[in-house]
Amino acid sequence: MSKNNMPWYMNAVFYEVHIRAYCDSNNDGIGDILGLISKLDYIKNLGVDCIWILPIYPSPLKDDGYDIADYYNVHPDYGTLEDFKRLIQEAHNRGLRVIADLVLNHTSDQHHWFQTSRSEPNSKFRDYYVWSDTDDKYADARIIFLDTEVSNWTYDEKAGLFFWHRFYSSQPDLNYDNPAVVEEMQRVMKFWLEMGIDGFRADAVPYLIEREGTNCENLPETHQILKGFRTYLDENYEDKILLAEANQWPMDVLAYFGDGDEFHMGFHFPVMPRIYMALRKGDASPIHWIMSQTPDIPDNTQWCTFLRNHDELTLEMVTEEERQWMWAEYAPDPRMRLNLGIRRRLAPLLDNDPRKIMLANALLYSLPGAPIVYYGDEIGMGDNIWLYDRNGVRTPMQWNDRLNAGFSEAKPETLYAPVIDNEEFSYKVINVEAQEHDPHSLLNKMRHLIDVRKLHPIFALGAYEFLAKEHTKCLCILRTHSDEQVLCLFNLTNSVQQLSLDLAAFADRDIVSLIDGNSLGKIKLAETELELEPYEFQWLSLKC
Ligand code: BGC
């Protein structure tokens, strides 16, 4: 694939936004669509291409909107369908795209499909969900929300039957063996695509189908259904994407790309905890290893990578020993732990050290894939581990040092969640306005990093290889695309590191920093000696 004909998502940078948390336009204490519209220029200036918005649909909010009660409307807290249409237009006017969550696997128990299903055995909706006389079917399926759920089956008094759910018991799973359910979801896709949306982040896709004797994940029948959604998209629209949320090993995610005919993109989950491991251990081996487990994917598809998101930092894709180590290192207080993960944000995890935060981002951007920035992490927001569930990483965006961090003019006690106001992470210190004015702020460094990455599609398209693997205190990645090379170097430790690299194949070329444009001289036939300051990273172009 060349730079000129690559689809937009290959070289995109995404920005994940929770509308509830971003900006409150009507001062009711809850962020809304008009609030987000008022901040689109900020998002554009960040340099990202596409906004991913968390669920905005009517919902009892038992799972912050991932429990949908009506797929065809907007939660009144957030505004109206008209507001949403305007959001898409205003984003498009600025050259920004918007994708939204498509929650396929389950609905809220408040959805009228479920209400009818449980109370009217003869209605067509009975078969929309997975019912059983007993709670012993599919016993090999794991429980995902381990801290709250004891079974994937819950007894429903009204139906006199058990229903199946992979997440909260207030989120009954839809029955994808029923073609009517598939048609319903296709209609949902159509509704939002016609409104102009640029695609979907498809939630929890491994769990659509259940089969006895399996773990009920990644089944061939599930892939068949997902391929059907892709066919529908391709037959009716152009330039729209499907992004798979499959928290699985890369070899299993590979199947979600199909032959380039299932998902355009898929999250790469397990590289994420290994970036934190590498940084804390001062050892590149976890990254070498996970990338050795990462297969090539079809040409027209792309990984989606991230350091943090709205969920706990998941430790599902690590060994038990690694999980215990991650918890001990990054979640010493039990309040920081949730299910199999850690409910903290990027900056607190990385000791609020801008060197580590920038290194982690640059490392992510140097690997294959299109990266996502989680709202607030671009300014180094903190978290609140005392809030329920994952709400501690979903607190109001910090715009300035005034009332409610500029998020809302409502009375502070009426906000949907308190703003972060503890010492080094207080909104009085960490906010957009303060960082706008400081050329060395995290925000401005992030903007520059995003700009540089986007200017060089080699990061999106190039092959990669690790150099100097024996020097495990540093990570060295050589990206190559046709006759262009970029060397990405990371010192994972708190001490100065000398690196000796064999770059003889590129002798006589200039080494130029992509970050500041400085030249480091010509490459010689002998080994190239480079020195990296503690937690320093370099992006070096090897120019012909
Ligand atoms: C979302 C979570 C949600 C779950 C159930 C996920 O993978 O990211 O926030 O709780 O799906 O819908």
Side-chain angles (χ1 to χ4, degrees), residues 14-21 52-71 75 99-111 114 129-130 141-149 152 154 163-174 176 185 188 200-208 216-218 222 226 242-248 252-253 256 263 265-270 272-273 304-317 338-345 372 374-375 383 387-395 417:
F14 290 75
Y15 187 61
E16 179 187 354
V17 173
H18 194 8
I19 288 190
R20 169 168 296 269
W52 154 30
I53 45 173
L54 296 185
I56 47 156
Y57 319 98
S59 160
L61 302 176
K62 299 261 176 62
D63 186 10
D64 214 1
Y66 280 95
D67 45 334
I68 297 176
D70 176 3
Y71 285 87
H75 194 291
I99 63 170
D101 263 281
L102 180 66
V103 184
L104 295 166
N105 181 66
H106 45 265
T107 69
S108 159
D109 57 7
Q110 301 306 304
H111 198 291
F114 187 73
Y129 295 86
V130 182
R142 70 195 165 112
I143 295 170
I144 296 169
F145 283 169
L146 275 170
D147 287 1
T148 37
E149 300 304 316
N152 287 323
T154 290
F163 65 89
W164 178 250
H165 56 89
R166 293 309 302 269
F167 295 93
Y168 287 127
S169 56
S170 50
Q171 290 166 299
D173 272 34
L174 286 162
Y176 276 88
M185 279 306 157
V188 170
F200 299 103
R201 177 255 193 200
D203 183 62
V205 290
Y207 319 112
L208 299 190
C216 300
E217 299 185 16
N218 312 322
T222 292
L226 294 167
L242 290 173
L243 159 61
E245 192 224 9
N247 187 357
Q248 306 281 328
D252 293 322
V253 179
Y256 289 89
F263 281 90
M265 307 187 78
F267 286 115
H268 194 312
F269 272 93
M272 179 274 297
C304 205
T305 56
F306 58 96
L307 293 171
R308 285 299 292 114
N309 62 19
H310 64 290
D311 288 326
E312 69 273 27
L313 185 166
T314 169
L315 298 174
E316 280 172 51
M317 296 294 126
L338 182 72
N339 300 317
L340 289 184
I342 300 174
R343 48 174 156 192
R344 298 182 73 193
R345 264 190 183 266
I372 294 194
Y374 181 48
Y375 90 90
D383 49 40
L387 297 183
Y388 174 68
D389 198 352
R390 292 148 288 177
N391 294 350
V393 299
R394 303 174 184 178
T395 60

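Read the numbers this way: they start at 1 and go in the same order the structure lists the ligands and their atoms. Sequence positions, counted from 1, serve as the residue numbers for this chain.
Aromatic ring orientation, His310 versus Tyr66: parallel (interplanar angle below 30°, classes split at 30° and 60°). Ring geometry for Phe163 versus Phe114: interplanar angle over 60°, hence perpendicular rather than tilted (30 to 60°).
Summary of contacts: the protein heavy atom closest to atom 5 (C) of ligand 1 is Asp63 OD2, 3.4 Å. Nearest protein neighbour of atom 8 (O) of ligand 1, counting heavy atoms only, is Asp311 OD2, 2.5 Å. When only non-hydrogen protein atoms are considered, atom 7 (O) of ligand 1 lies nearest to Glu245 OE2, 2.5 Å. In terms of protein heavy-atom proximity, atom 11 (O) of ligand 1 is nearest to Asp203 OD1, 2.9 Å.
In the vicinity of His310, heavy-atom distances shorter than 4.0 Å reach the ligand 1 atoms 1 (C), 2 (C), 8 (O), 9 (O). Ligand 1 places these atoms under 4.0 Å from at least one heavy atom of His106: 5 (C), 12 (O). Proximity to Arg390 (heavy-atom distance under 4.0 Å) selects the following atoms of ligand 1: 2 (C), 3 (C), 9 (O), 10 (O).
Only the side chain of Phe145 comes within contact range of ligand 1, with a heavy atom under 4.0 Å; no backbone atom does. The side chain of Arg201, and not its backbone, has at least one atom closer than 4.0 Å to an atom of ligand 1 (non-hydrogen atoms only; side chain from C-beta on).
Shown are Asp203, Ile68, Leu243, Val188; of these, the side-chain contact (heavy atoms from CB on, under 4.5 Å) with Leu102 is made only by Val188. Just one of Met272, Glu16, His268 meets the side-chain contact (heavy atoms from CB on, under 4.5 Å) condition when paired with Phe306; it is Met272.
The closest approach between His165 and ligand 1 stays at or above 4.0 Å for every heavy atom of the residue.
With respect to the salt-bridge test (charged N to carboxylate O, under 4.0 angstrom), the residues Lys62 and Asp389 do not qualify. Under 4.0 Å is where a charged nitrogen must lie from a carboxylate oxygen, and between Arg394 and Asp64 at least one such pair does.
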Does the pair Asn218 and Tyr256 meet the rule for a side chain to side chain donor-acceptor pair (under 3.5 Å), with working shown? CA-CA 9 Å; Asn218 312 322; Tyr256 289 89; 2.6 Å; yes
